[in-house]
Enquirer: 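Have a look at this one before I ask anything.
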Amino acid sequence: MGTISVNEMKTLLHVYFIMGSNNCYNDPKEVLTKAIEGGATLFQFREKGTNALVGKEKVLFAKELQHICKQYGVPFIVNDDVDLAIELNADGVHIGQDDESAGIVRRRIGEGKILGVSTHHLDEVKRAIEQGADYVGIGPVFATVTKEDAKAVRGTVLIREVREKGLSIPIVGIGGITEQNAKVVMEAGGDGVSVITAISQAENPLETTKRLAEVVFLNSKQ
Ligand SMILES: Cc1ncsc1CCOP(=O)(O)O
Ligand SMILES: C=C1C=NC(C)=NC1=N
Ligand SMILES: [Mg+2]
């Protein structure tokens, strides 16, 4: 655990928008602004997959989105790229099982930054907690087309398992989440939902985020 409290982390996870340049048809800066105005509580810059930006273009794009987050006071998290997170003095990083170990990343970013880890099984959750994660992402909960190498869809089995073991680690569900199914994630014991397509490709990102936030708050356990 870093210095952020469990309760503060759980609040930030309520509506966790994740996006990269290849997730949007419209201007990503516009989409991010609307998502935040609609109630997004945390943002993750996730620039990967087909046609993802690299090098200087990626850094400049990240800085543009970080600037928007700063204007609204929404923490800015960088996916995978720990060097970029440190270069930008981002508010935290999110890493997967195939990235550097959480223990090493925690030492590199320091205690004051947010560290999130993707997990797919109980042992991965326990290891993430031991190595200093502030939250875990659990998914894919529902079918997703966004992550090209997504693991098997597991529904809310692991979320329930973690809570049945009495582990209070902040949990965000991910994978195919929409306003129609977000309730399921919260009822299983999730603290929030992370979403790419449902917001980044929404007709009206502000209204969609607002509706998603309503579902999350109505079903929040705290
Ligand atoms: C990054 C990631 N990890 C598991 S599923 C997924 C993609 C989620 O995207 P979407 O919300 O569009 O299904
Ligand atoms: C794979 C992921 C799982 N969970 C979260 C929150 N972000 C990710 N990029
Ligand atoms: Mg990764």
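Ligands are counted one by one from 1 in listed order, and the atoms in each one are counted from 1 as well.
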Enquirer: Would you mind running through ligand 2 and noting each atom that sits below 4.0 Å from a heavy atom of Ile174?
Expert: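 Counting from 1, the qualifying ligand atoms are 2 (C), 3 (C), 4 (N), 5 (C), 7 (N), 8 (C).
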Enquirer: Just wondering, more than 12 heavy atoms not from His121 lying within 6.0 Å of its NE2?
Expert: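 For His121, atom NE2 is crowded (more than 12 foreign heavy atoms under 6.0 Å).
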Enquirer: Which ligand 2 atoms, with their elements, are less than 4.0 angstrom from a heavy-atom of Gly137?
Expert: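 Here the atoms of ligand 2 in question are 4 (N).
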Enquirer: By number and element, which atoms of ligand 1 are closer than 4.0 Å to a non-hydrogen atom of Thr144?
Expert: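 By the 4.0 Å cutoff, the relevant atoms are 5 (S), 7 (C), 8 (C), 9 (O), 10 (P), 13 (O).
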Enquirer: Does any N or O atom in Gly139 lie less than 3.5 angstrom from one in ligand 1, N or O only?
Expert: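 N/O-N/O distance under 3.5 Å: no.
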Enquirer: Which residue holds the protein heavy atom closest to atom 10 (P) of ligand 1, what is that atom called, and what is the gap in Å?
Expert: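 Here the closest protein heavy atom is Thr146 OG1, 3.5 Å.
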Enquirer: Under the criterion salt bridge (Lys or Arg N to Asp or Glu O under 4.0 Å), which of Asp99, Asp81, Asp83 is the partner of Arg108?
Expert: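 Result: among Asp99, Asp81, Asp83, Asp83 is the only option passing the salt bridge (Lys or Arg N to Asp or Glu O under 4.0 Å) with Arg108.
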Enquirer: Any idea which heavy atoms bring Leu115 and Ala102 closest together, and the distance?
Expert: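 For Leu115 and Ala102, the tightest heavy-atom pair comes out as CD2-O, 3.6 Å.
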Enquirer: Just heavy atoms, cut-off under 4.0 Å: does Lys151 contact ligand 1 by side chain, backbone, both, or neither?
Expert: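 No part of Lys151 is near ligand 1 at this cut-off.
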Enquirer: If you measure from the Lys or Arg side-chain nitrogens to the Asp or Glu carboxylate oxygens, is any gap between Lys34 and Asp27 under 4.0 Å?
Expert: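 A salt bridge is absent here (no side-chain N lies under 4.0 Å from a carboxylate O).
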Enquirer: Dump the intermediate steps for ring-ring contact (aromatic ring centres under 6.0 Å, His included) on Phe61 and Phe45, then the final yes or no.
Expert: CA-CA 10 Å; Phe61 180 51; Phe45 176 65; 5.7 Å; yes
Enquirer: Return the minimal non-hydrogen interatomic distance between Leu88 and Ala62, and the atom names on each side.
Expert: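 Heavy-atom minimum between the residues: CD1-CB, 3.7 Å.
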Enquirer: Counting non-hydrogen protein atoms only, what is the nearest one to atom 7 (N) of ligand 2? Give residue, atom name and distance.
Expert: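 For atom 7 (N) of ligand 2, the nearest protein heavy atom is Gln44 NE2, 3.1 Å.
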Enquirer: Any nitrogen or oxygen of Thr197, side chain or backbone, less than 3.5 Å from one on ligand 1?
Expert: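 For ligand 1, there is an N or O atom that lies under 3.5 Å from one belonging to Thr197.
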Enquirer: On a heavy-atom basis, which atom in Ala128 and which in Thr119 lie closest, and how many Å separate them?
Expert: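 Shortest heavy-atom separation between Ala128 and Thr119 comes out as CB-CG2, 4.4 Å.
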Enquirer: What protein heavy atom is closest to atom 11 (O) of ligand 1, reported as residue, atom name and distance in Å?
Expert: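 Of every protein heavy atom, Ile196 N, 2.9 Å lies nearest to atom 11 (O) of ligand 1.
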Enquirer: In ligand 1, which numbered atoms sit nearer than 4.0 Å to a non-hydrogen atom of Arg46?
Expert: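 Going through ligand 1 atom by atom, the ones under 4.0 Å from Arg46 are 1 (C).
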Enquirer: Applying a strict 4.0 Å limit to heavy atoms, is Ala150 in contact with ligand 1?
Expert: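 Under 4.0 Å: no for Ala150.
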Enquirer: Answer yes when Glu187 and Lys183 have at least one side-chain N-carboxylate O distance shorter than 4.0 Å, and no when they do not.
Expert: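 Counted as a salt bridge, because a side-chain N and a carboxylate O are separated by less than 4.0 Å.
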Enquirer: Would you list the protein N, O or S atoms within less than 2.8 Å of the Mg ion (ligand 3), leaving out water?
Expert: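 Hits for the Mg ion (ligand 3) below 2.8 Å: Asp80 OD1, Asp99 OD2.
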Enquirer: Apply side-chain contact (heavy atoms from CB on, under 4.5 Å) to residues Leu32 and Phe43 and explain how you reach the verdict.
Expert: CA-CA 8 Å; Leu32 175 56; Phe43 176 70; 3.5 Å; yes
Enquirer: Could you check whether Lys58 pairs with Glu47 (Lys NZ or Arg NE/NH1/NH2 to Asp/Glu carboxylate O, under 4.0 Å)?
Expert: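 No.
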Enquirer: Shared ILVMFWY cluster between Val216 and Leu206, side chains joined below 4.5 angstrom?
Expert: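 Different clusters.
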Enquirer: Between Arg163 and Asp191, is the closest basic N to carboxylate O distance under 4.0 Å?
Expert: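 Judged by the 4.0 Å cut-off on N to carboxylate O distance, Asp191 and Arg163 do form a salt bridge.
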Enquirer: Counting non-hydrogen protein atoms only, what is the nearest one to atom 3 (N) of ligand 1? Give residue, atom name and distance.
Expert: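 Ranked first by proximity to atom 3 (N) of ligand 1 is Lys147 CD, 3.4 Å.
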Enquirer: When you measure from atom 1 (C) of ligand 2 to each heavy atom in Ser118, Gly20, Gly96, which option holds the nearest one?
Expert: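 Shortest heavy-atom distance from atom 1 (C) of ligand 2: Ser118.
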Enquirer: Is it true that Val184 and Ile171 fall in one hydrophobic cluster, defined by side-chain heavy atoms closer than 4.5 Å?
Expert: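 Cluster IDs for Val184 and Ile171 match.
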Enquirer: Using a 4.0 Å cutoff against the non-hydrogen atoms of Val172, which atoms of ligand 2 qualify?
Expert: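 The list of qualifying atoms is 6 (C).
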